Protein chains: 2
Amino acid sequence: MALEHAILVSLLEKPGSGYELARRFERSIGYFWTATHQQIYRVLKRMEADGRLDVREVPQRSRPDKKEYSVSALGQACLSEWLHEPIQPESVRHDLAVKIRGAAFDDPAALIQEVERHRRLHGDRLAHYLAGERRDFGASDASAAPDAGRELQHAVLRGGIAYERMMLAWLDDVLATLHRLAPGL
Amino acid sequence: MALEHAILVSLLEKPGSGYELARRFERSIGYFWTATHQQIYRVLKRMEADGRLDVREVPQRSRPDKKEYSVSALGQACLSEWLHEPIQPESVRHDLAVKIRGAAFDDPAALIQEVERHRRLHGDRLAHYLAGERRDFGASDASAAPDAGRELQHAVLRGGIAYERMMLAWLDDVLATLHRLAPGL
DNA sequence: TCCTGCTATGCAACTTGTTGCATAGACAAG
DNA sequence: CTTGTCTATGCAACAAGTTGCATAGCAGGA
């Protein structure tokens, strides 16, 4: 279960509560993994019971208390073990591609709006990633200490950016194809 | 459940058995959707019970009999309805990206082999897609009748090709980063 | 005071997806 | 005549993910 490993990595980068993790999964970790808060809370509970995480109750003012999780030695060891074993290349699930092939049995022109909507969403994501890159990796003067974590985070972010650029180009390609098939629009 | 819709599209393109569908999900449909035969048989059974598919027992010589599924009118209607409602952009699950960020807490150099392995796998997939493109869309002389289904299948395949090319470029980027972080190798 | 919104955590029910196993006919190789 | 491979279908148990709902503190505005 790779969600566990994603959580371990995130908590190693910075300890935090389930709520904070859920927000990270909407932001930077969301570049390559999605999870809802229900999933996260459930997994955190299990990992804590298994001794892979430590918890600390943190009282807060002007907001409810929280439980701050951090990675235990056992958790570190689990992550290390996983890092050293080979994994399957990720499996893809592109609903939109199903729709595009399905459009041949319906009205291709009706798909244009949907594809345009997705194009906007991917454009927004790209803008968001680029803003994050400027903010977090912009003033990367060579005088800064070479930080492996930072470098690797940047490499992953570049992957997200490349993915969104590829999607935008492909969606333009799809739109051109749809317009060609429905010239009246 | 989009697997149902992927199956409807595939059976509209060409009726077939569960076994044949499973093979298609390793080939062309596998460009954008994965499913095992267990999943497929289970869903086929349910869809047939719901009246969205028709079955026909096909006796065969020199191999076991099979059940050939095809889409019923109700199935067509279900697909059409789905095509007209908006869907969420796909969610991503990149185990490799988790590993890359996790490498900061372990030995980044140990990841090089794994990334190279993935690079080879994506290279193989790209070669496979390109061969499929030459085979199925190569001699596309303008005299051929404009076939919407064919055009849309080609557009989806171009998406798969763009994805693999993007991955290869990104994995090279990641490898360069890893080598920079571990100069002794 | 009530309503909304944000932080914060969680349960229960359900749907999907994965893993391991089982069966069986036909054919080819040894 | 046994063993392996390919076609072909399926069950059962389990793991993972989704959806809907519930609670609760605190703050700010109508």
Side-chain angles (χ1 to χ4, degrees), chain A residues 1-8 11 15-27 29-30 32-50 53 55-69 82 87-95 98, chain B residues 1-8 11 15-27 29-30 32-50 53 55-69 82 87-95 98:
Chain A
M1 189 212 198
L3 174 56
E4 298 191 356
H5 302 118
I7 287 177
L8 285 172
L11 289 179
S17 67
Y19 188 81
E20 283 161 353
L21 275 174
R23 302 198 64 189
R24 291 185 211 172
F25 274 88
E26 286 169 2
R27 296 188 75 262
I29 308 177
F32 53 91
W33 205 274
T34 53
T36 59
H37 79 267
Q38 291 90 339
Q39 242 181 302
I40 291 166
Y41 282 119
R42 194 209 272 152
V43 172
L44 282 175
K45 184 150 285 195
R46 186 177 65 220
M47 292 173 78
E48 197 247 310
D50 295 352
L53 296 181
V55 210
R56 195 169 62 96
E57 289 274 345
V58 179
Q60 297 187 115
R61 41 197 162 90
S62 74
R63 60 183 59 178
D65 296 352
K66 66 175 180 178
K67 297 184 190 171
E68 194 183 74
Y69 290 90
W82 177 71
I87 48 169
Q88 299 293 112
E90 77 290 343
S91 57
V92 200
R93 255 100 203 262
H94 286 280
D95 298 69
V98 179
Chain B
M1 189 210 196
L3 174 56
E4 297 191 356
H5 302 117
I7 287 176
L8 286 173
L11 289 178
S17 67
Y19 188 82
E20 284 161 352
L21 275 174
R23 302 197 64 189
R24 291 184 211 172
F25 274 89
E26 287 168 2
R27 296 189 73 265
I29 307 176
F32 54 90
W33 205 271
T34 55
T36 60
H37 79 269
Q38 291 90 340
Q39 241 181 302
I40 291 166
Y41 281 120
R42 193 210 272 154
V43 172
L44 281 175
K45 184 150 285 193
R46 185 177 65 220
M47 292 174 78
E48 197 247 310
D50 295 352
L53 297 181
V55 209
R56 193 169 63 96
E57 290 271 346
V58 178
Q60 297 188 115
R61 42 196 161 89
S62 74
R63 60 184 59 178
D65 297 353
K66 66 174 180 178
K67 298 183 190 169
E68 193 182 75
Y69 290 90
W82 177 71
I87 49 169
Q88 298 293 110
E90 76 291 344
S91 58
V92 199
R93 255 99 204 263
H94 286 281
D95 298 69
V98 179

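Each chain gets a letter, A, B and so on, in the order the sequences are listed, and its residues count up from 1. Everything quoted here is computed from the prediction, not taken from an experiment.
The CZ-C1' distance, from B:Arg93 to D:dA16, rounds to 9 Å in whole Å. For B:Lys67 and D:dG10, the NZ to P distance is 3 Å, given to the nearest whole Å. Here the P atom of nucleotide C:dC6 and the OH atom of A:Tyr19 are 8 Å apart, to the nearest Å. If you measure from atom CZ of A:Arg46 to atom C1' of D:dC14, you get 12 Å, rounded to the nearest angstrom. Nucleotide C:dA24 holds its P atom 19 Å from the CD atom of B:Gln60, rounded to whole Å. As a whole-Å value, the separation of A:Glu57 CD from C:dA8 P is 13 Å. Atom CD in A:Gln88 sits roughly 12 Å away from atom C1' in C:dT18 (whole-Å rounding). Between the OH atom of A:Tyr41 and the P atom of C:dC11 there is a distance of 11 Å, given to the nearest Å.
Listed by chain and number, the residues in a side-chain hydrogen bond (donor to acceptor under 3.5 Å, both in side chains) with A:Arg42 amount to none (sequence neighbours excluded).
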- Under the side chain to side chain contact (heavy atoms under 4.5 Å, CB included) rule, what do B:Leu44 and B:Val55 come out as? Steps first, then yes or no, please. CA-CA 10 Å; B:Leu44 281 175; B:Val55 209; over 6 Å; no
- Query: Please walk me through it: do B:Arg56 and B:Glu68 pass salt bridge (Lys or Arg N to Asp or Glu O under 4.0 Å)?
  - Reply: CA-CA 5 Å; B:Arg56 193 169 63 96; B:Glu68 193 182 75; 2.9 Å; yes
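When each of A:Thr36 and A:Arg63 is assigned the nucleotide of DNA chain D with its nearest heavy atom, A:Thr36 is the one assigned upstream, toward the 5' end. A residue-by-residue look at B:His37 and B:Val43 shows that B:Val43 has its nearest nucleotide of DNA chain C further toward the 5' end. Nearer to the 5' terminus of DNA chain C, by closest-nucleotide assignment, is the contact made by A:Glu20 (compared with the other of B:Arg42 and A:Glu20). Summary of the strand contacts: A:Arg61 and A:Met1 both lie near DNA chain D, and taking for each the nucleotide with the nearest heavy atom, the more 5' one is attributed to A:Met1.
Considering every non-hydrogen atom in both B:Ala35 and B:Leu3, the closest pair reads CB-CD1, 3.8 Å.
Base contact: B:Gln38 has a heavy atom under 4.0 Å from a base atom.
For B:Ser17, a side-chain nitrogen or oxygen approaches OP1 or OP2 of D:dT9 to under 4.0 Å. OP1 or OP2 of D:dT18 lies within a sub-4.0 Å distance of a side-chain N or O belonging to A:Gln39.
Of the charged side-chain nitrogens involved, at least one lies within less than 4.0 Å of a carboxylate oxygen, so that B:Glu20 and B:Lys66 count as a salt-bridged pair.
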